[in-house]
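Have a look at the structure below, then the notes.
Throughout, numbering of the chain's residues begins at 1 and tracks the sequence.
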Amino acid sequence: MEVEGGNTSANDAVARKIPIQSRRAKVFYQFTQQNLPACKPVLTPSWIVTTFLLMGVIFIPIGLVTLRTSHSVIEIVERYDTECIPEKFRGNKVSYIKDSTILKNCSLYLKVPKHMKAPIYIYYQLDNYYQNHRRYVKSRNDQQLLHGLKSNDTSSCQPEDSSNGLPIVPCGLIAWSLFNDTFKFIRESSELVVNRKNIAWKSDRNHKFGKQVYPFNFQNGTFIGGGSLDPSVPLSDQEDLIVWMRTAALPSFRKMYGRIEEDLDADDVIAVHLMNNYNTYSFGGKKKLVLSTSSWLGGKNDFLGVAYVFVGSSSIIISLVFMLLHVKNPRGEGECL
């Protein structure tokens, strides 16, 4: 009796399995033959006009709010690469910037146009600087940045993979060309404190740069590219380097230098004492100093707001055109042109 019962259960299972397989085969056949049920909306003139009109009504207010928010950001932009060249060297800027015996100190004066609420972000901006060049972008070793000298394969870093027969940490052209201009801000004879912590992405600090990896044999060659690194500080704490190593996609870009964490009042005059060390004169680049507040959208950028307003306005114009055409030449459902 037990055997017969077992056979009965097995037969029931087979009977149930066959319809399931049949249904699956049928669904698969319908899918491959594109016979599945589908929703096919009928795009009548009324639906088209209403859709475009609704897009315009939604997009234009969003664009106006975005533009207003962008314009609320206060920004000071000052180009300093030309002003910080002494008069007698302006005919040969490259020789001036390459001469290590000449002090590169310079002073700028910035007037605050409106009240700037802290935190005030400090950026340096470089123009005509192609960090997205293929050979430049590839000239690094991410494993070495994370594990140091344990990573032996530094062929991707050439020509900055070794110096004087010893490996370089960090290797590659990106690290070698580290930006090294410095800035100090004075207001009414007192120096403004610049917070240079947490200027790099937390994910980069924690996962891409080793906490036990220290600079080694860096900028010890005959040809110096940019800034130097403190050999006693691990790469995970060298935030200037971390910010610089995240290469920019466009030839004009900004990178964060630090934050001023106190308000600046309207008409304040800020004296900026800087060291003009970085060579952009060899390739016709430009250097700018940027002080900026922020909003819930970030920094000052009108593109998003203009794009919303443009798309919304275009949608309304299209809806009006379709409406006029429909009124002039009405056509019922199912009628051919």
Expected output: side-chain Glu239 to main-chain Ala200 donor-acceptor under 3.5 Å: yes
Main-chain N/O of Ile224 paired to Gln219 side chain as donor or acceptor, under 3.5 Å: no
Pairs under 3.5 angstrom only: tabulate donor-acceptor contacts from the side chains of residues 166-179 to other protein residues two or more places apart or in another chain.
from	atom 1	to	atom 2	distance (Å)
Trp176	NE1	Phe223	O	3.2
Ser177	OG	Tyr136	OH	2.6
Ser177	OG	Leu173	O	2.9
Ser177	OG	Ile174	O	3.1

Centroid-centroid under 6.0 Å between Trp201 and Phe209 rings: no
Heavy-atom side-chain proximity of Cys84 to Leu274 below 4.5 angstrom: yes
Closest heavy-atom pair and its distance - Thr293, Ser72: OG1-O, 4.5 Å
Lys286 atom NZ, neighbour heavy-atom count above 12 within 6.0 Å: no
Candidate pair Phe283 and Tyr129, rule ring-ring contact (aromatic ring centres under 6.0 Å, His included), full reasoning: CA-CA 8 Å; Phe283 53 88; Tyr129 194 118; 5.4 Å; yes
Val311 backbone acceptor or donor facing Ser315 side chain under 3.5 Å: yes
Close side-chain approach of His207 to Asp204, heavy-atom, < 4.5 Å: no
pair Leu291-Phe185: side-chain heavy atoms closer than 4.5 Å: yes
4.5 Å side-chain heavy-atom contact, Leu324 and Lys328: no
Pairs touching residues 291-310 that satisfy ring-ring contact (aromatic ring centres under 6.0 Å, His included), sequence neighbours left out: Phe59-Tyr308
Partner residues of Ser156 under the side-chain hydrogen bond (donor to acceptor under 3.5 Å, both in side chains) criterion, sequence neighbours left out: none
Pair Asp240 + Arg196: basic N to acidic O under 4.0 Å: yes
Over all atoms of both residues, closest heavy-atom pair of Gln143 and Ser151: CB-OG, 3.7 Å
Taking every non-hydrogen atom, the tightest pair across Lys197 and Asn195: N-OD1, 2.9 Å
Within-4.5 Å side-chain heavy-atom neighbours: Tyr80 and Asp181: yes
Leu67 backbone acceptor or donor facing Asp302 side chain under 3.5 Å: no
Salt-bridge contact Lys287-Glu78 (side-chain N to carboxylate O under 4.0 Å): no
Side-chain heavy atoms of Gln238 within contact of Arg205, under 4.5 Å: no
ring-ring contact (aromatic ring centres under 6.0 Å, His included) between Tyr124 and Phe253, worked out: CA-CA 8 Å; Tyr124 55 87; Phe253 58 87; 7.7 Å; no
N-O pairing of Asp142 and Arg140 below 4.0 Å: yes
Heavy-atom side-chain proximity of Asn276 to Ile97 below 4.5 angstrom: yes
Taking every non-hydrogen atom, the tightest pair across Arg259 and Asn198: NH1-O, 3.4 Å
Validation row: Thr182, Tyr278 side chains within 4.5 angstrom (heavy atoms): no
Chi angles and distances behind the side chain to side chain contact (heavy atoms under 4.5 Å, CB included) call for Ser292, Val73: CA-CA 7 Å; Ser292 176; Val73 174; 3.6 Å; yes
Closest non-hydrogen atom pair between Ser236 and Lys211, with its separation: OG-CA, 3.4 Å
Ion pair check, Asp268 and Lys111, cut-off under 4.0 Å: no
Side-chain donor/acceptor of Ser295 to backbone N/O of Gly298, under 3.5 Å: yes
Between Tyr257 and Tyr123, ring centroids under 6.0 Å: no
Test item: Asp127 side-chain N/O and Ser252 main-chain N/O as donor-acceptor pair under 3.5 Å: no
Ion pair check, Asp263 and Lys117, cut-off under 4.0 Å: no
Lys93 (side chain) donor-acceptor with Asp81 (main chain) under 3.5 angstrom: no
Residue among Ile122, Leu264, Ile186, Val272 satisfying side chain to side chain contact (heavy atoms under 4.5 Å, CB included) with Leu192: Leu264
Aromatic ring pairing Tyr96/Phe89, orientation class (parallel under 30°, perpendicular over 60°, tilted between): tilted
Test side chain to side chain contact (heavy atoms under 4.5 Å, CB included) applied to His326 and Asn329, step by step: CA-CA 5 Å; His326 181 58; Asn329 300 308; over 6 Å; no
ILVMFWY network linking Val194 to Leu241, side-chain heavy atoms under 4.5 angstrom: yes
